[in-house]
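Here's the structure, in C-alpha cells; my notes come after.
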Amino acid sequence: MFEIFPFDIKQMSIALYPNHSAATRNRQAITPTRAVFFHAYERGWGPALKIRNFKEDPPARKKAASHAWLHAFIRQAERDGLPHLAALVMFMSQTAARVSEAIDLRWTEVDLLHRSAILLKTKTSTNSRRVMTDQMVARLYPMQEGADPQDRVFRYTSRHSVNERIKAVCARAEIPYKSSHTCGRHAFANNTLALGVDVKTAMDAGGWKSPGVFLGTYVNPMNAGRMVAERLNRYQYDADL
C-alpha cells in the first residue's frame, strides 16, 4: 500500500470509467477506494491517504411547474376523467410530498376535519405531518366516500405509472412534461417562495432539513431580476419623504 498514490487511483478511475462523468467516477471508484484505504489505516496496514474527488459540474437546475402549468394540467386531467391524478399532483405540489409518499398515503393517515395528512416513513425515516389547503380537502371528500380506511387515497401503486399518466395528460394539454418530482417537490419550493413565504417556513412545511439541499437543489426562481426590480419600483427616490 505504500506504493499506491492518489495519482494512481485517479488514473484507475479514468481507466475503469473512460466515458463517464466525474460524478460517476467519484461515486463508483474514488469513494469505495477511499473507504478501503481508510479501513486499512485504522487497522494499521498503511498510511492515511487523502484522495480528492474529480471536479463535478453542477447539476442542471430543473424548471419547476408554475401555478399556470398546474392550472392547465389539473383542468386537463379533469377533462380526461382522471380526478385521482389531478388530486395527486395538487397534493404533491401543495405539500412537497414525494410521489412514493403520496401514493402510499392511506385514508387512516388523512384527517380532513383538521386538513392534515401524515406521511409515514419518509425518506428521513420519520413521519411527517403536512397541512392541506381547502381546495385539496374539497377534492378528497368525494374520493373518501365508500373507501376502506386502508385504501390508498390516490389509488396509484407505482410512481412509474404516475409519471406515464402525467406525460400523457401533458401531451393532450400541450404543455411541457414535468415529472412527479418536478411538479411536486420542486414546484412547492419555488411557488411558496414566489408567494412571499420565507425560507425557514417553506422548509419546515415541506419537510426539508438542510438549507443547502433546499436552496442548492430545489430553488430555481424564474425572472428573479424582474421580481426584485418590481419590488424596488415601490420606492420613488425623487418623491418627498
Side-chain angles (χ1 to χ4, degrees), residues 59-107 109-110 112 115-117 119 122-123 128 130-145 147 151-197 202-203 205-208 214 217-224 226-227:
R61 291 292 189 93
K62 295 181 179 180
K63 192 173 181 180
S66 64
H67 287 295
W69 186 97
L70 291 166
H71 184 86
F73 179 89
I74 291 171
R75 292 193 64 179
Q76 183 64 50
E78 290 173 342
R79 284 195 292 266
D80 294 340
L82 299 170
H84 288 81
L85 182 64
L88 173 61
V89 170
M90 179 181 287
F91 180 79
M92 292 189 297
S93 69
Q94 293 184 347
T95 65
R98 300 174 180 87
V99 63
S100 57
E101 298 166 344
I103 62 176
D104 198 43
L105 184 68
R106 315 292 171 132
W107 287 111
E109 287 97 51
V110 175
L112 295 180
R115 301 187 308 161
S116 66
L119 305 180
T122 62
K123 192 175 181 180
S128 181
R130 304 298 165 86
V131 179
M132 298 180 290
T133 62
D134 292 338
Q135 59 180 327
M136 186 71 244
V137 171
R139 287 176 179 272
L140 293 182
Y141 263 115
M143 292 167 53
Q144 190 184 40
E145 293 180 5
D151 285 347
R152 295 175 186 265
V153 174
F154 302 107
R155 296 187 179 179
Y156 291 92
T157 59
S158 167
R159 63 183 180 88
H160 300 293
S161 60
V162 170
N163 282 299
E164 288 175 359
R165 291 292 178 88
I166 290 176
K167 184 178 291 186
V169 172
C170 288
R172 290 190 289 269
E174 298 182 347
I175 56 177
Y177 167 66
K178 305 285 185 184
S179 69
S180 56
H181 204 58
T182 308
C183 67
R185 205 156 168 80
H186 281 268
F188 178 91
N190 288 275
N191 292 339
T192 51
L193 293 183
L195 291 172
V197 178
M203 286 179 56
W208 279 276
F214 180 73
T217 303
Y218 288 90
V219 177
N220 184 24
M222 298 175 60
N223 302 319
R226 183 178 297 278
M227 290 173 61

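Just so it is clear, the structure is predicted and the values come from calculations on it, not from any experiment.
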- Start with the C-alpha gap between Phe73 and Leu85, add the side-chain angles, then the distance that decides, and say whether side chain to side chain contact (heavy atoms under 4.5 Å, CB included) holds. CA-CA 10 Å; Phe73 179 89; Leu85 182 64; 3.9 Å; yes
- Is Trp69 reaching over with its side chain to a backbone N or O of Pro176, donor-acceptor style, under 3.5 angstrom? yes
- Task: Answer yes or no: is there a side-chain heavy-atom contact under 4.5 Å between Val162 and Phe154?
- Result: no
- Item | Any pair counted as salt bridge (charged side-chain N to carboxylate O under 4.0 Å, His left out), so long as it reaches residues 169-182, sequence neighbours left out | Asp80-Arg172
- Note on the structure: What one should report as the nearest heavy-atom pair of Arg139 and Met90 is NE-CE, 3.2 Å
- CZ (Arg152) and CG (Leu105) are apart, to the nearest 0.5 Å, by 10.0 Å
- Query: What distance separates His160 NE2 from Ser180 OG, expressed to the nearest 0.5 Å?
  - Reply: 9.5 Å
Give every donor-acceptor pair under 3.5 Å between a side-chain atom in residues 187-197 and any protein atom, sequence neighbours left out.
from, atom 1, to, atom 2, distance (Å)
Asn190, OD1, Asn220, N, 2.7
Asn190, ND2, His186, O, 2.9
Asn190, ND2, Tyr218, O, 2.9
Asn191, ND2, Ala65, O, 3.2
Asn191, ND2, Ala187, O, 3.2
Thr192, OG1, Phe188, O, 2.6
Thr192, OG1, Ala189, O, 3.2

- Query: Between Ile103 and Thr157, is any pair of side-chain heavy atoms under 4.5 Å apart?
  - Reply: no
- Item | Closest heavy-atom pair and its distance - Cys183, Leu70 | O-CD2, 4.0 Å
- Output the distance between atom CZ (Arg165) and atom OG (Ser158), rounded to the nearest 0.5 Å. 11.0 Å
- Can you check whether Val99's main-chain N or O pairs, donor with acceptor, with Arg159's side chain at less than 3.5 Å? no
- Task: Quick one: list whatever passes side chain to side chain contact (heavy atoms under 4.5 Å, CB included) with Ala171, sequence neighbours left out.
- Result: none
- Message: Let me confirm one number: the CD1-CG distance from Ile74 to Leu88, rounded to the nearest 0.5 Å.
- Response: 10.5 Å
- One should read off an interatomic distance between Ile166 CD1 and Ser161 OG, to the nearest 0.5 angstrom, of 9.5 Å
- Query: Do side-chain atoms of Glu109 reach the backbone of Arg106 as a donor and acceptor pair under 3.5 angstrom?
  - Reply: yes
- With a 4.5 Å limit on heavy-atom distance, are the side chains of Trp107 and Asp151 in contact? yes
- Message: Surrounding CZ of Arg79 (heavy atoms of other residues, nucleotides or ligands, distance under 6.0 Å), is the total greater than 12?
- Response: yes
- Message: So which atom in Arg130 and which in Ala97 form the shortest heavy-atom distance, rounded to 0.1 Å?
- Response: NH1-N, 3.6 Å
- Could you pull out the closest heavy-atom pair between Val153 and His84, with the gap in Å? O-CD2, 3.6 Å
- Query: If you take all heavy atoms of Arg185 and Ala96, which pair is closest and at what distance?
  - Reply: NH1-O, 2.7 Å
- Task: Could you tell me the separation between the CG atom of Leu112 and the CE atom of Met132, rounded to the nearest 0.5 Å?
- Result: 5.5 Å
